[in-house]
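Position 1 is the first residue of the sequence, and the numbers go up from there. Atoms within a ligand are numbered from 1 in the order they appear, just like the ligands themselves.
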Amino acid sequence: MQREYLLRLEKACQVARSAGALALDYYEKRDELAIDSKGLQDRVTLADQEVERHIYHKIIEAFPDDGFLGEEMASGEPLNLVEEGTWVVDPIDGTDCFIYGIPCWCISIAWMQAGEAKIGVIYDPLHDEMYSASPGQGAELNGKKLQISSATDLSDGITGMGYSTRVEPIASIEALQRLMEAGGMFNRCGSGALSLAWVAAGRLIGYYEPHINSWDCLAGIVLVREAGGWVNDFLADDGLTRGNPIIAAAPGMVRKIQMVSGYSS
Ligand code: LIP
């Protein structure tokens, strides 16, 4: 593995773990957190902001020339996107689950270079599950290689389905109908990052969300691809700052998950 990937992967795992410990402290005291609204069904708390500040300072201390894009822009620094290397971070993905005490949230840290997501780390502190991946190294969970699903039909497993008020409900309703009519079953856990990690781990056979932000999915995209799965070209048309649909599938499920999502190549 190239040294620059190795150094960043190791740091990303180390920082995800320390950020996870900080997030857990807030999670245990979540009833004391003020909940702010960023829009319809889009919440944020001091925990998101403080965890992002922690990640920002630890990462930039180690790699001062890298860029950084965080969901909350909590560092107070201007947005800094660097072609040679930019970190894309969701400090707490699954914010609603975190706020309401649903044990389904994570830390998502990705590193991009030359317009491609190269390193992905997703840490679930509640279950102590560290997902990590880098170019050509495969994808791992707590140091063990991930085994993506061998499913070939929608009835062979569960498909993750994300939804947010960033798009009209019809896109999700029609996708759910196509999935159900084909004998599939859906799971919406509230964290796109964890859902993608579960595709890479073989727990889900695919994942679709009509619109997702880059900080929610870039780390998961690296995990799915390095585990041998397929993901749409999420970064096309400025997906980094505008978001895009996300379609991810186990190798034998690509056409079926594309059908559910209404994707046309
Ligand atoms: C969440 C995403 C999820 C989406 C939610 C929300 P957050 O990110 O991970 O896929 O469906 O609406 O955007 O806001 O918890 O960081």
Donor on one side chain, acceptor on other, Ser18 and His54, under 3.5 Å: yes
Main-chain N/O of Val89 paired to Asp216 side chain as donor or acceptor, under 3.5 Å: no
Protein contact to atom 4 (C) of ligand 1 [nearest heavy atom, distance to 0.1 Å]: Glu209 OE2, 3.2 Å
Residue pair Tyr208 / Arg178, side-chain donor-acceptor N/O under 3.5 Å: no
Ligand 1 versus Tyr207: contacting region, heavy-atom distance under 4.0 Å: side chain
Numbering as shown, the atoms of ligand 1 that approach Gly192 to under 4.0 Å (heavy-atom distance): 2 (C), 3 (C), 9 (O), 10 (O)
Within reach of ligand 1, part of Asp93 (heavy-atom separation under 4.0 Å): both
Numbering as shown, the atoms of ligand 1 that approach Tyr163 to under 4.0 Å (heavy-atom distance): 11 (O), 12 (O)
Check: Trp230 main-chain N/O paired with Arg225 side-chain donor or acceptor under 3.5 Å: no
Side chains of Gln113 and Glu4, donor plus acceptor under 3.5 Å: yes
salt_bridge(Arg203, Glu129) N-O dist < 4.0 Å: yes
Thr95: numbered ligand 1 atoms lying under 4.0 Å from its heavy atoms: 7 (P), 15 (O), 16 (O)
Side chain, backbone, both or neither: Asp216 near ligand 1, heavy atoms under 4.0 Å: side chain
Gln41 and ligand 1 - part of the residue with a heavy-atom distance under 4.0 Å: neither
Numbering as shown, the atoms of ligand 1 that approach Ile212 to under 4.0 Å (heavy-atom distance): 10 (O)
